[in-house]
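Written below as structure tokens is the structure these notes are about.
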Number of protein chains: 2
Amino acid sequence: MSVAERVRLIDVAREAGTSVSTVSRALNGSDLISPEVVAHVRAVAGELGYRADRRAQEFKLGRPLTVGVTVPDLTNPFFSEVLKGLAAAARAGGYRLLIGESGEDPAEELRLVEELVDHSGALVLCSSRLTRAGLEKALALPVPVVCINRTVKNAGVVAIDYRAASRLLLEHLTGLGHRRVLYVGGPATSWSDGERRRTLRRTARSLDVTLDEIEGGWAGHHGYDAGPTVLRSRATAVITFNDLVGVGLLSWLLDNDVDVPAELSVASYDDIPIAAYARPPLTSLRNERAKLGELAWRQLTARLAGDDWPGPDLLAPELVVRASTGPARRRARIRTT
Amino acid sequence: MSVAERVRLIDVAREAGTSVSTVSRALNGSDLISPEVVAHVRAVAGELGYRADRRAQEFKLGRPLTVGVTVPDLTNPFFSEVLKGLAAAARAGGYRLLIGESGEDPAEELRLVEELVDHSGALVLCSSRLTRAGLEKALALPVPVVCINRTVKNAGVVAIDYRAASRLLLEHLTGLGHRRVLYVGGPATSWSDGERRRTLRRTARSLDVTLDEIEGGWAGHHGYDAGPTVLRSRATAVITFNDLVGVGLLSWLLDNDVDVPAELSVASYDDIPIAAYARPPLTSLRNERAKLGELAWRQLTARLAGDDWPGPDLLAPELVVRASTGPARRRARIRTT
DNA sequence: CAACCGGATGCAAACGATTGCAATCGATCG
DNA sequence: CGATCGATTGCAATCGTTTGCATCCGGTTG
């Protein structure tokens with residue numbers, strides 16, 4: 001049963017007693033063919049279980065119906081949801097998604113891009129970790145490129161408005177009386193980490209808040225491992241690169257009897273589902289990730305239609321306040337671990 | 001810059017002063033061509049930035065270098081990690097992955113399968129939610145199909161050994177003195193939920209444990225929403241369909257001052273990363289998800305090489321005991337919420 | 001009645017790559 | 001010195017589909 005012979009156009013033509021051109025036109029809904037013939041051909045095709053060979057089709061038509069996408073990490077819900085939105089939009093437009101995961105590695109991402117471009121008519125780079133030089137190379141490829149969460153010239157750009165995001169976070173914290181805040185950073189290759197730092201610094205200055213920064217990463221264990229350093233710092237509130245890091249940090253703090261938020265407030269970016277189920281539930285910045293994917297598709301279709309790139313789309317986030325942030329207090333004691 | 005003209009084989013041939021056949025052979029490493037010509041052609045191709053048109057290549061070769069995969073939900077880390085393993089293995093074999101998400105919907109999955117098969121030379125159905133009839137249809141398609149976490153005839157099968165899994169869980173709980181256990185189920189369309197139930201019942205019987213079952217789902221909120229029902233039950237331990245549900249349930253229990261594990265033990269399947277960061281950390285069954293993907297690829301290559309399907313691959317899980325399970329106690333009180 | 005017309009259909013040429021086979025060349029051998 | 005041989009290279013067919021153009025047909029018109 002499995003691995004049967006493929007039915008081709010010519011088989012349908014023979015069975016229907018017509019030529020391949022007629023069959024092709026009938027199936028593709030050309031108005032050059034008489035209705036009876038169309039009906040007959042359709043019937044025969046259905047009977048024989050004909051399915052067009054998409055490879056031959058795409059080859060002949062020359063225009064690939066596939067969009068290549070890269071993400072740093074498939075297991076991060078942020079990226080999965082962007083993909084969800086993008087996939088839905090692309091599918092509605094008759095396109096398919098070829099997904100590649102770079103594993104947070106710029107070199108691997110470049111390899112991936114070169115591979116994907118051979119199969120796709122367009123490229124979407126989600127939170128690209130490429131170096132500047134790598135990005136140049138990608139943009140020189142003979143297909144349109146959209147970047148999600150990375151601004152770049154001569155490409156489509158869809159990003160979260162980190163300026164607004166950082167302002168929301170810091171205003172929330174200063175409103176609670178915090179004057180000293182620690183940022184636990186993300187991967188050095190991440191453009192959005194850079195943006196978070198830049199906008200946090202700038203906003204901190206304007207709000208007269210002292211901002212400290214340490215290195216972190218993108219996953220739960222990065223947050224957990226940052227625990228001791230966080231505890232030693234003199235900040236009364238912590239902002240983490242994303243919720244995974246935030247949840248990891250919370251876990252360490254609870255393991256070490258630090259009362260959140262009484263002793264230390266924690267807040268983060270992204271608001272992925274587990275943020276709500278963390279202990280204590282994590283204050284975070286909600287963003288419409290699926291919409292990022294949708295907008296990327298919109299930019300792409302505009303470009304594929306021959307227009308110039310529209311301007312960058314910026315998505316404003318929304319602060320979801322939960323129990324992990326509270327009024328600033330004097331730190332109970334300086335501990336060492 | 002963007003959207004430049006494609007360089008074709010004939011352009012390289014012209015520039016190099018040879019024929020297309022020579023160029024093709026030179027680039028593909030045929031030993032029929034003299035080394036100097038190979039070097040020259042390679043140089044010219046590089047200079048011109050030639051990249052083979054994969055559509056033409058695949059078309060001509062007839063064998064698609066793409067594998068279609070369906071998953072119910074991209075945001076579930078379980079599936080992402082299976083994809084990771086599969087993608088890595090496929091890539092190493094020179095294949096690409098076309099990924100489709102069904103959104104836990106059997107009808108959508110069927111549409112997806114029919115779409116993917118047109119673009120792929122093989123199909124991997126990950127935790128397929130297809131109905132029996134739908135699955136029959138998929139298996140009748142002219143490509144080999146591998147099912148992950150679903151057993152079926154005339155297809156490759158890779159699955160987690162739920163019999164062993166359920167035994168590990170229940171033995172752990174009975175070892176702690178639990179005699180009445182509640183299972184919070186998953187989606188009705190899930191084969192693996194059925195397996196979990198079946199093996200739990202069977203093992204419960206042999207261990208003389210009373211097993212109750214309620215309906216649940218696949219996501220955190222399903223666990224959270226099950227909270228009241230769980231609390232009303234007379235069980236001293238709960239097993240949830242997966243960690244997302246488990247974490248959601250834990251969150252509800254903590255919100256409602258139920259002491260875990262003193263009053264109620266909670267354990268689960270899958271051991272995704274957040275299980276370790278939950279409060280309390282969740283006892284769960286670790287499985288090698290990436291390996292599931294790898295094995296699926298192995299089955300596929302065997303089949304593509306013309307062999308029969310090898311037998312099913314079963315992966316034994318391992319119990320990771322954390323703080324969410326503890327000795328059974330008399331329930332403090334029956335509460336109503 | 002011949003010329004014409006337009007709708008319906010078939011013929012054949014593409015698309016870009018691979019590959020069996022024939023052609024070419026210089027060198028070797030009898 | 002001509003035949004032969006092996007190593008290279010080019011010619012041309014091919015994959016399945018789409019599509020411009022020619023063809024064919026019956027019916028209408030002058």
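Every chain is numbered from 1, with letters handed out A, B, ... down the list of sequences. Computation of the quantities below employed the complete heavy-atom set of this structure, encompassing side-chain atoms and omitting hydrogens, waters and symmetry-equivalent molecules.
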Please state how far atom [atom1] in [X] lies from atom [atom2] in [N], giving the value in whole angstrom units.
X: Ile10(B); N: dC15(C); atom1: CD1; atom2: P; answer: 9 Å
X: Ile33(B); N: dT19(C); atom1: CD1; atom2: P; answer: 13 Å
X: Asp53(A); N: dC15(D); atom1: CG; atom2: C1'; answer: 9 Å

Let's see if you can work this out: which of [options] has an atom nearest to the side-chain heavy atoms of [X]?
X: Ser34(B); options: dA17(C), dT9(D), dT9(C); value: dT9(D)
X: Ser24(A); options: dT9(D), dT19(D), dT18(C); value: dT19(D)
X: Ser21(B); options: dT19(C), dT9(D), dT9(C); value: dT19(C)
X: Lys60(A); options: dA17(C), dT9(C), dT17(D); value: dT17(D)

Note to self: Test side-chain contact (heavy atoms from CB on, under 4.5 Å) on Leu112(B) and Arg91(A); report intermediate values, then the result.
What the structure shows: CA-CA 10 Å; Leu112(B) 212 51; Arg91(A) 226 168 107 68; 3.8 Å; yes
Item checked: Pairs flagged by salt bridge (Lys or Arg N to Asp or Glu O under 4.0 Å) wherever residues 127-148 of chain B is involved - sequence neighbours left out ->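 Every pair satisfying salt bridge (Lys or Arg N to Asp or Glu O under 4.0 Å) with a residue in residues 127-148 of chain B: Glu104(B)-Arg129(B), Arg132(B)-Glu136(B).
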Check: Hey, are the side chains of Leu97(A) and Val124(A) touching, using non-hydrogen atoms and a 4.5 Å cut-off?
Finding: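 Answer no - side chains too far apart.
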Item checked: Test log, rule side-chain contact (heavy atoms from CB on, under 4.5 Å), inputs Asp53(A) and Arg8(A) -> CA-CA 8 Å; Asp53(A) 181 329; Arg8(A) 291 153 308 161; over 6 Å; no
Next item on the list: For dT17(D), take OP1 and OP2 only and decide whether either is under 4.0 Å from a side-chain N or O of Tyr50(A).
Entry: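 Result: yes.
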Note to self: Measuring to OP1 and OP2 of dG16(D), would you say a side-chain N or O of Gln57(A) lies under 4.0 angstrom away?
What the structure shows: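 So the side-chain polar atoms of Gln57(A) never come under 4.0 Å of the phosphate oxygens OP1 or OP2 of dG16(D).
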Item checked: By ring pair (Phe, Tyr, Trp, His ring centres under 6.0 Å) - contacts of Tyr50(B) (at least two apart) ->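 Partners of Tyr50(B) under the ring pair (Phe, Tyr, Trp, His ring centres under 6.0 Å) test: none.
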Next item on the list: Output the residues of residues 11-20 of chain A in contact with DNA chain C, where contact means a heavy atom of the residue under 4.0 Å from an atom of the strand; sort by number or write none.
Entry: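 Those residues are Thr18(A), Ser19(A).
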Polar-atom pairs under 3.5 Å, protein N or O versus N or O of nucleotides 23-26 of chain D: list them with distances, or write none.
none

Check: For DNA chain D, what residues of residues 35-45 of chain A have any heavy atom nearer than 4.0 Å?
Finding: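 Within this stretch, nothing sits under 4.0 Å of the strand.
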Note to self: Is there aromatic stacking of Phe59(A) on dT17(D) here, judged by a ring-centre distance under 5.5 Å and a plane angle under 30°?
What the structure shows: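 No, aromatic ring not over the base.
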Next item on the list: Report the residue (Arg25(A) or Arg25(B)) whose heavy-atom-nearest nucleotide on DNA chain D is the more 5′ of the two.
Entry: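 Counting from the 5' end, the first nearest nucleotide belongs to Arg25(B).
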Item checked: Ala56(B) vs Thr22(B), nearer the 5' end of DNA chain C by closest nucleotide ->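 Looking at DNA chain C, the more 5' nearest nucleotide goes with Ala56(B).
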Item checked: salt bridge (charged side-chain N to carboxylate O under 4.0 Å, His left out) involving Glu195(B) - partner list, sequence neighbours excluded ->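 Glu195(B): salt bridge (charged side-chain N to carboxylate O under 4.0 Å, His left out) contacts with Arg198(B).
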